[in-house]
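As structure tokens, the structure follows; a few thoughts come after it.
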Amino acid sequence: MTTSNKTVYIDTVGCQMNVLDSELVIAALKKDGYSLTDSPADADVILFNTCSVRELAEEKTYSAVGRVVQHKRRDPNKVLGVIGCMAQKEQENVRHRHPLVDLVVGTGQLAKIPELVRTVQETRQPQYALSLGRKDAGRHEVEASFESYDPARDPEMRPTPFQAFVRVQIGCDKFCTYCVVPSTRGPEQSRHPDQIVHEARVLVDQGCKEVTLIGQTVNSYVFDHGDGRRTRLSDLISRLHDVPGLERIKFVTNFPKDMTNDLLDAVHHLPKVVKYLHVPVQSGCDEVLKRMKRLYTVAEYQEMLDRARERVPGVAVSSDFIVGFCGESEESFQKTMRLVEEAKFKNSFIFKYSERSGTKAAERYPDDVPEEVKKRRNNDLLAVQNANSLADHQAWIGKSVSVLVEGRSKRDQRTNHEPTAVPQLTGRTMTDHIVVFDAPDRVIGHTLTLDIEDASGFTLFGRVRTDEVIGVTGTAPPTMAPKPRRIGLSVV
Ligand code: SAM
Ligand code: SF4
């Protein structure tokens, strides 16, 4: 690694894929001698890793780029880049809106960033690196234009050193009519299981205890070895289960129709696998699901939910919903309300439909639900979900849970404590429930047993057993002390 004082600033919005991509881009730039800065004004390279799922995310990025353009005007040697989903979707529009942008790099081309930065510095010419559109060529060629980007990992970029995302799959082939992801992330491709297991071992060597396997439809993961052997997600997590030092395995996001019994049984039987499934249903109305092209009916989803709860006793399930999708009548929406009431999700992420150019929904169906109706439906659904979340949380009072301690709670990050005061920490249970509790920083990164004493709709409140804290020896290494998140995580 070369040493210099070149700096890079990165702003990340969007899903876990983007968080991971930013970690990897920064690791690659560090090899080129860059260090990370929190200040765009001081950075030699300013990157925006972007999301296109909803229009608001794109507009926020355009505004954020507009705010840093002043730094580039002052110092034309700075390199300004828009990377990720929006770069792939918007292409030259990015430079139409902000002509001072030097780099437009899609999700499938991120490995080229260090080289492209050098090219901009040498030539002062803007650089584009984009993958093919889904209809631009045959499947093989389009697949090849989206590289899975998984080089060296950089623990410093992770919110905590003991947790990491691991990509098991890129792209998506479901083509839900509202969604840009199949275009921005390309065809579905599963990574070789040997690579994934190797990566998990490297992460464990770096101090990682929990991996979250990520894919747009992670449970459709299947690697075809070409000799008749196929590795399914259940096989992969069984292999990862054998990695010494790894304590927890999670996976997101699941597609309802691909929830097979072998996977549910693996979740049930493998003790390191978190008993939590994120399986978005999107709507409780069959007609809406059909227009969304979700490939299942409400009854099929409910059958999957019953099967999951039967095969994995105690499993927590969460969902995503889109309200105000094209043609969603009040009656359709009430069906969604009923589904949420009955399904008892641990939590739900609720989004107002946002029309995205280039999608089938934008071509076929008018965005005909007024904004104020979308807002009202969003609030109504949230109220039902919040009541269910509170009831779910209250049922934990009096129970003991095992929690991986993640760091200071949000409240504690905001307040300045007396050095002697015991901070409030946060962690997650094996069912992905968030617990806050008072304990010294040295337990961050450890797994503790907590007694749950109270609950709100958002969190459980726990008390650490004294013998557990005494049992955790040593002080937290500097990387485990609370630090500001360098990468903004906003939406799902
Ligand atoms: N692959 C995952 C799946 O199938 O559930 C999720 C991917 S998507 C990035 C995350 C969530 O964003 C979706 O589950 C959906 O609820 C929401 N979403 C996607 N496109 C949207 C749109 N055009 N408007 C509003 N919400 C959208
Ligand atoms: Fe988008 Fe549907 Fe693929 Fe999820 S499954 S990424 S919602 S197209």
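All of these numbers come straight from a predicted model, not from anything done at the bench.
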Residues forming a side chain to side chain donor-acceptor pair (under 3.5 Å) with [X], sequence neighbours excluded:
X: Y62; value: E90
X: K275; value: none
X: R356; value: E58

H192: ring-ring contact (aromatic ring centres under 6.0 Å, His included) partners, not counting sequence neighbours: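 Only F223, H225 meet the ring-ring contact (aromatic ring centres under 6.0 Å, His included) criterion with H192.
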
Y353: partners by ring-ring contact (aromatic ring centres under 6.0 Å, His included), with sequence neighbours left out: F325

Using side-chain contact (heavy atoms from CB on, under 4.5 Å) as the criterion, list what pairs up with [X], not counting sequence neighbours.
X: D454; result: I397, F461
X: C179; result: C176, V181, P182
X: H393; result: H433, A455, L460
X: S238; result: L270

Residue pairs involving residues 427-436 (criterion salt bridge (charged side-chain N to carboxylate O under 4.0 Å, His left out); sequence neighbours excluded): K250-D432, K346-D432, E406-R428, R428-D432

Contacts of E310 that satisfy salt bridge (Lys or Arg N to Asp or Glu O under 4.0 Å) - sequence neighbours left out: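 None.
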
Within residues 106-116 or reaching into it, pairs that qualify as side-chain hydrogen bond (donor to acceptor under 3.5 Å, both in side chains) - sequence neighbours excluded: Q109-K112, Q109-S131

